[in-house]
Amino acid sequence: MKMNFRNYMFLVACTVSVISSTLAEQDIYVVHMDKTKIRSLDSNLGITKRWYEDVISSLSADDSEEEQEEKPPQLLYVYEKSISGFSAKLSKKQLESLKQVDGFLTAVPDEMLSLHTTHSPQFLGLKSGRGLWSGLNLTSDVIVGVIDTGIWPEHVSFYDFGMPPVPSRWNGKCEAGTKFARSNCNRKIIGARIFPKGYEAAAGKINEKEDYRSPRDSQGHGTHTASTAAGNLVNGANLFGLAKGLAGGMSYGSRIAVYKACFMLGCSSSDVLAAIDQAVIDGVDVLSLSLGGLPKPFYVDNIAIAAFGAVQHGVFVSCSAGNSGPLNSSVGNAAPWIMTVAASSLDRSFPTTVKLGDGHVFKGASLYTGKPTMQLPLVYGRTAGGEGARFCTNGTLSSRLVKGKIVVCEKGINARAEKGEQVKIAGGAGMIMVNRVDEGDELYADAHVLPATSLGASAGIAIKNYINLTKTATASIKFEGTVYGNRAPIVAAFSSRGPSAAGPDIIKPDVTAPGVDIIAAWPPNISPSMLKSDKRSVQFNILSGTSMSCPHVSGLAALLKSVHRDWSPAAIKSALMTTAYTLDKERTPIADAVSETSISATPFVFGSGHVDPERASDPGLIYDISTEDYLHYICCLNYNSSQIALLLRENYTCPSHSFQSLGDLNYPSFAVLFDSNNQHLIQTFKRTVTNVGTPRSTYNVQVKTPYGVSVTVKPKTLKFQKKGQKLRYKVRFVTRGKRSPGDSTFGSLTWISRTHIVRSPIAVTWQ
């Protein structure tokens, strides 16, 4: 039986228990509390934070004299806006005591999340002075919050020349710390905070010789993502002369609010939650999170829970899909209220040519800009060193065997640039890094410290066979600079895939955006290779990952928010999804880099397709979703009442008029699930579209039917009489014959008028 806080305090004060005197181990927990119970106690017990402090203090009041060695509980953060609760360092016994407090929902162990780590505006169709980049649309009162590793505030990408005063509605502040003063904020960077408590409780105090205990960025990741979302336009941006041109954030007129919650070993979820909570209080319009963990049910996914609270307050939340591709069902951050972003390529590359002594030629990629190598001896594995030499890990290469030679290194175990460093230390003259078989032929361009290139798996197999069959194997590497006009976009093999393990009833990821070889701002004291031995200093760096694609979409959401101030987060998301394209620049289906033959990407790889911001600014129709809609969806997830309470931050009784099925959520895509054991099944989905385009307009439906089902849409025509009008339609899916478990087929449903095309992908899966 639960007891209220006052009765609990009385019992604690009056009870003496005999417990072992051994020092109790403590872990960090994110504690979720029922917000309605907390509010009811607030008027009597003071502000929420004080109440939680009293609760935490009470947990050690139970200790007897024999238990003097037990560590007292440590309160880390109090969450008030996006979630309800707190994080604390607790022993198992303290946690058990906490469970008796009225309003306790659950305690989720803290986890260390990982970071998911300019030509892209032009590739996206953004042009200075036109459309979304016209002066009227680049309003400076939209605020983008970036939760990451911090920022390098002195960078030219964050100058505030010509910017008007900070919006009066802004509640944030600039926190001083190690090598970061309040004056480092300006009219561009209008807020900067640090959240280290969870990280330090788990990993120990921040080593200020390696990191800054302040919003200053010691890793470069946060500076790169912030400038991608909302950095200034900078002429002549380049890396060693590569990718030279105009670099700028997607919404370069927006303000930036920095929330540093990621450090050398990762991002503690308790710190990330505190950052989200504070960002909502501060007043951000968009939140960008290029980080995440393993897929998990929404009710134990702290980011999903906090993001739901943020969306309820009108904040658009954009997250990276993850870099665990090409593994199926690896997509993270998959809650329907989150915009989940995959990564794909631009039409720009940094090619190399590798020529073997037998005349075979292979194409690779590199950010090295030095002279080509001569034809040099080629070594690999045992011909280069001892055990582990094929991966070129620390100390495995023999100077006697590799000096003056080109070394072949397989990907894996250590970082890509670190392999080249090991070759250089051993006296090697160059490196060829090859993919493992399961990684396919996707190429990785890195700022190597010696002449080096990456090659795909098929080239790697051929080169290793050549070395094994030839006593005097040789190779040369030539660097070709920057090349434009490649086939693009192609979805990156590393980009995490669906179907979502947490919610297969929603197609995830939602969209794809540029995330391969992206140039953006970089701290001058961090080398482009991120190796300590590399003393090169640059203003811009080129990185790849869904970490890079996420801030593209965050910036585009800020642009749309500046044009459509009354649009909800779901409306912005709908506009970006229904206007995304699925054909590349050559008008062929967007390819998936996981295959050597470049098979077409599916909605489980790129969602609705590649973002098209100019079309998204005028989508014609939108699929809006209210908080009540999300509540009805959650009620259909087969979660129990306790699990639902976790997501909603309070006990909640599902109404009798909830959705008949998960498919009734007004999502801009269709994920249809069928039982593979039955031949004739029917699923009916309901949707409502809102006219945001031409007031008097008629839309006709066009269906590309997935194999194995029949699709019926009623009505087939939607006639709008005014802007803002809502019309409903139903889609009926009927199976045709049995299929094997795990089979999926794909199609689309598109509403077409004289001026607009509104497309939704369909994914049918047999379970």
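For the single chain, residues carry numbers from 1 onward in sequence order. The basis for the numbers below is simple: all heavy atoms, side chains too, and nothing from hydrogens, waters or symmetry mates.
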Would you kindly say whether Tyr380 and Asn468 are connected by a side-chain donor-acceptor distance under 3.5 Å?
no
side-chain contact (heavy atoms from CB on, under 4.5 Å) with Arg497: which of Asp592, Thr602, Leu327, Val331?
Asp592
Other residues, nucleotides, ligands: >12 heavy atoms within 6.0 Å of Lys464 NZ
yes
Student check: side-chain heavy atoms of His155 and Pro523 closer than 4.5 Å
no
Asp27/Lys92 salt bridge by N-O under 4.0 Å criterion:
yes
Whether Phe195 and Tyr77 hold their rings parallel, tilted or perpendicular, with breakpoints at 30° and 60°:
tilted
When rounded to the nearest 0.5 angstrom, what distance separates CG in Asp110 from OG in Ser269?
3.5 Å
Just wondering, are more than 12 heavy atoms of other shown residues or ligands nearer than 6.0 Å to CZ in Arg536?
yes
To the nearest 0.5 Å, what is the distance between CD1 on Ile526 and OG1 on Thr223?
7.0 Å
Exceeds 12 heavy-atom contacts within 6.0 angstrom, atom NZ of Lys363
yes
Just by modelled atom types, is the Ser320 backbone N or O under 3.5 Å from a matching donor or acceptor in the Ser290 side chain?
no
Are Arg390 and Glu410 ion-paired here, with the side-chain N under 4.0 Å from a carboxylate O?
yes
Looking just at side-chain N and O atoms, do Gln422 and Thr396 make a donor-acceptor pair shorter than 3.5 Å?
no
To the nearest 0.5 angstrom, please state how far the OG atom of Ser533 sits from the CD1 atom of Ile425.
6.0 Å
Can you label the angle between the Tyr444 ring and the Phe494 ring as parallel, tilted or perpendicular, going by 30° and 60°?
tilted
SG proximity flag Cys550/Cys319, limit 2.5 angstrom
no
Does the pair Glu111/Lys296 count as a salt bridge with the N-to-O cut at 4.0 Å?
yes
Does the pair Ile542 and Arg348 meet the rule for a side chain to side chain contact (heavy atoms under 4.5 Å, CB included), with working shown?
CA-CA 12 Å; Ile542 295 173; Arg348 178 185 64 200; 5.6 Å; no
How many angstroms lie between atom OG of Ser529 and atom CG of Leu367, to the nearest 0.5 angstrom?
11.0 Å
Please tell me whether Asp441 and Ser458 have a donor and an acceptor in their side chains that are separated by less than 3.5 angstrom.
yes
Which heavy-atom pair separates Ser527 from Trp522 by the least distance, and what is that distance?
O-NE1, 3.5 Å
For Ser288 and Ser318, which I'm curious about, is there any donor-acceptor pair between the side chains at under 3.5 Å?
no
Under 3.5 Å side-chain donor-acceptor pair for Ser324 and Ser330
no
Donor-acceptor check, side chain of Asp584 to backbone of Ile490, threshold 3.5 angstrom: yes or no?
no
Give a yes or no answer on whether the side chain of Asn541 reaches the backbone of His224 with a donor-acceptor pair at less than 3.5 Å.
no
Exam field: side chain Ser218 to backbone Asp211, donor-acceptor pair closer than 3.5 Å
no
Which distance, rounded to the nearest 0.5 Å, do you find between the CD1 of Ile151 and the CZ of Arg216?
10.0 Å
So does Lys244 have more than 12 non-hydrogen atoms from other groups sitting under 6.0 Å from NZ?
no
Once you measure the plane-to-plane angle for Tyr199 and Phe263, does it fall in the parallel (<30°), tilted (30-60°) or perpendicular (>60°) bin?
tilted
Could Lys419 and Asp446 be called an ion pair, given the rule that one side-chain N must be under 4.0 Å from one carboxylate O?
no
Side-chain donor-acceptor contact under 3.5 Å, Asp217 with Thr149
yes
How about Met264: does its CE atom have over 12 heavy atoms from other parts shown lying under 6.0 Å from it?
yes
Do Lys535 side-chain atoms and Lys532 backbone N/O form a donor-acceptor pair below 3.5 Å?
yes
Please examine the side chains of Pro528 and Leu239, heavy atoms only from C-beta on, and report whether any two atoms are closer than 4.5 Å.
yes
Short question: side chain of Ser329, backbone of Ser500 - any donor-acceptor pair under 3.5 Å?
no
